[in-house]
Amino acid sequence: MKRFFTLIFMVTLVNVQALELGARINQLGYGEKAKKILVYKNTDAANVEFRDLMTDKVVLTVPFSPAATWEYSGESVRKADFSAITKPGLYAAYVNGTRISDNIFVRNNVYEDLLKASLKWFYYQRAGIALAPEFAGKWARAAGHPDTAVYFLPESEKPEGWKISSPKGWYDAGDYGKYIVNSGISVFTLLNFYERFEAQLKKLSLNIPESKSRVPDILEEVRWNLDWMLTMQDPADGGVYHKLTTARFCGKVMPADDTAKRYVVMKTTPATLDFAAVMAQASRIYKPFDPKFSERALKAAEKAFEWAVKNPLVLFKQPEGMNTGQYNPDDEDTLDEKLWAATELYISTKKKVYADWIDSLPFNSHVPWWGNVNFLAVYRLAEAKNGFKKDITKAAQDTMLTLANHLRDIADKSAYGLPIIPWNFVWGSNSTIANNGIVLLHAYYLTKDKSYLDAAQRTLDYILGANPLKISYVTGYGNRTPMHPHHRPSEADGILEPVPGMLAGGPHDGGQDVGPNPWQCKEYRKLGTPALSYIDDWCSYASNEVAINWNAPLAYLAGALHYLNNR
Ligand code: G3I
Ligand code: 9MR
């Protein structure tokens, strides 16, 4: 009889609480003191209720904002601020008695697992090493791409039999190429995260083969790519080769099954300057752990800078017969790379030659991406402790706050409450939005004004589910996540779940992956509403690939918010 009444109760419960889970929220949750915004489709209801799911009691009732249209999706939506909920717990949102949200978690460690997974993903991207089950779990795999015999393309430009050894490094993305330019901003971001949260990251284990060493795991992981980068510098003149790839992208195969010849290509100024910048940065960070490596990195950085001064505008040109990635923006002038490299070298050496270069080069106010790294220098110049001229530091701080204020003000006015600008919806849109978040975090570090932290929170909310598609764009982290990313190991390993902790590129209506060829996508875009132009399909390298310069800002953003939630 008791079971009968229980059944009745359960059925009633479900009937009373009809579900329409249309609310856009951060699917991993919120820190206790974090800004908490729910977005919902336009409704006549005036208020939204939040219930504690443990007690089923209403703990907060708040009014919806007036309806507004989000220009990137065309939706008419309303917002509700539930930041007043600060007690750790499990909640849900209701409108007129109908539940409208997934579970809402509130507690200070909601991003800890994501931080670890987004950093651990770089281990999964290692070239030249077998991933053992004790570190890689079911995504363990054989080694691929030893890269101990790498040739030059075009082969005609080198003597018969010319080759170099260029092992280790991270695969760039869903492909198996290794690219210096994309390594630059990716390595900077991870090392800059370490510089900002050193005490915490010294204690963070990623369960990688080097976890038992005295070197922090994040530094051990980045070292795998730094060691490779060093092999890409020509010892004769200091120039740095632009990339290391096969001539053409391979099929959907595991690393060990991609055995085609691999090549380095021409040295370029952007690659050489990006190399110089990260090697100067690394020389400072690794000095306490490996003085010899630190000295080698600084020497390599200075030699690279000298090559770039002599070769100020050597831009990448894809060799005949090669179709792999280019990392060569249309408007490349190499001034941004030169300012960034001079900035890092000045901090490491305090030499006047670098100060003079800094005096001569302009700032710009563009969120950093692989094609414009100027803002990475602005971050440095804005830090008084780095010892730049006071007027330069002030100018850099003003530049940084001007951009941060622009992003924050857009969030305040936006229908979704998001600091998103039109430029964001390019190939790799999620990473540009994560970098918006990092700009806002730097403004918070400088001013301690919580409004910047609140705006940064909104960029992570967007990535983790507070978006028109209600998808958390990180594999394995959220209620609805990418299952078919453009990532060769995930596609070829025969395992249902993709490698975890990867950030999908995100919506963008460039349509570079749309077309009639068998490998291309059928039309999936909603032209004019870029925030809807995403498809969870292998075919979509323009919206659903993964990349090291996308996961690095994700790790930084999730990690910074985690540590700031727990300070
Ligand atoms: O910067 C301009 C911007 O000013 C303009 O408004 C916008 C729209 O036209 O275009 C922007 O340039 C775009 C650039 O990305 C920066 O966002 C280019 O159109 C676009 O083609 C370029 O796409 C790059 C793509 O390779 C094709 O070159 C992506 O950034 C880059 O992440 C991607 O990188 C690939 C590697 O080549 C190979 N490995 C996988 C990796 C990820 O897909
Ligand atoms: O897998 C490649 C991905 O990493 C690149 O971002 C993309 C654009 O350059 O190209 C992908 O490779 C495709 C190639 O360009 C055309 N043949 C099919 C390949 C797999 O989709």
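Note that this is a predicted model, so its numbers are computed, not measured. Indexing begins at 1, ligand by ligand and atom by atom, following the structure's order.
For atom 32 (O) of ligand 1, a protein heavy-atom neighbour is found at a distance under 4.0 Å. Atom 5 (C) of ligand 1 is never approached by the protein to below 4.0 angstrom, counting heavy atoms only.
Where the criterion is an N or O separation shorter than 3.5 Å, residue side chain and backbone included, Y179 fails it with respect to ligand 1. For a threshold of 3.5 Å applied to N or O pairs, the pair formed by W370 and ligand 1 contains at least one separation below that value. Here's the thing with W427: one of its N/O atoms is less than 3.5 angstrom from an N/O atom of ligand 1. Between Y327 and ligand 1, at least one pair of N/O atoms sits closer than 3.5 Å. An N or O contact shorter than 3.5 Å links D175 to ligand 1 by distance.
Y72 pairs in a ring-ring contact (aromatic ring centres under 6.0 Å, His included) with only one of the listed residues (Y462, Y534, F425, W423), which is F425.
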Could you give the N/O to N/O pairs under 3.5 Å linking ligand 2 and the protein, each with its distance?
unit_1, atom_1, unit_2, atom_2, d
ligand 2, 1 (O), H486, NE2, 2.6
ligand 2, 1 (O), R488, NH1, 2.8
ligand 2, 1 (O), R488, NH2, 2.9
ligand 2, 4 (O), E545, OE1, 3.3
ligand 2, 4 (O), E545, OE2, 2.6
ligand 2, 6 (O), E545, OE1, 2.8

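Salt bridge annotation for K178-D147: present, with a cationic side-chain nitrogen under 4.0 angstrom from a carboxylate oxygen.
The disulfide bond (SG atoms under 2.5 Å apart) pairs that include a residue from residues 463-511 number zero, where partners must be two or more places apart or lie in different chains.
Counting only heavy atoms from C-beta outward, the side chains of F152 and I164 never approach each other to under 4.5 Å.
For ligand 1, the atoms lying closer than 4.0 Å to a non-hydrogen atom of W369 are 1 (O), 16 (C). Near A173, the atoms of ligand 1 lying under 4.0 angstrom from a non-hydrogen atom of the residue are 39 (N), 40 (C), 41 (C).
Contact annotation: for W550 versus ligand 1, heavy atoms closer than 4.0 Å belong to the side chain alone.
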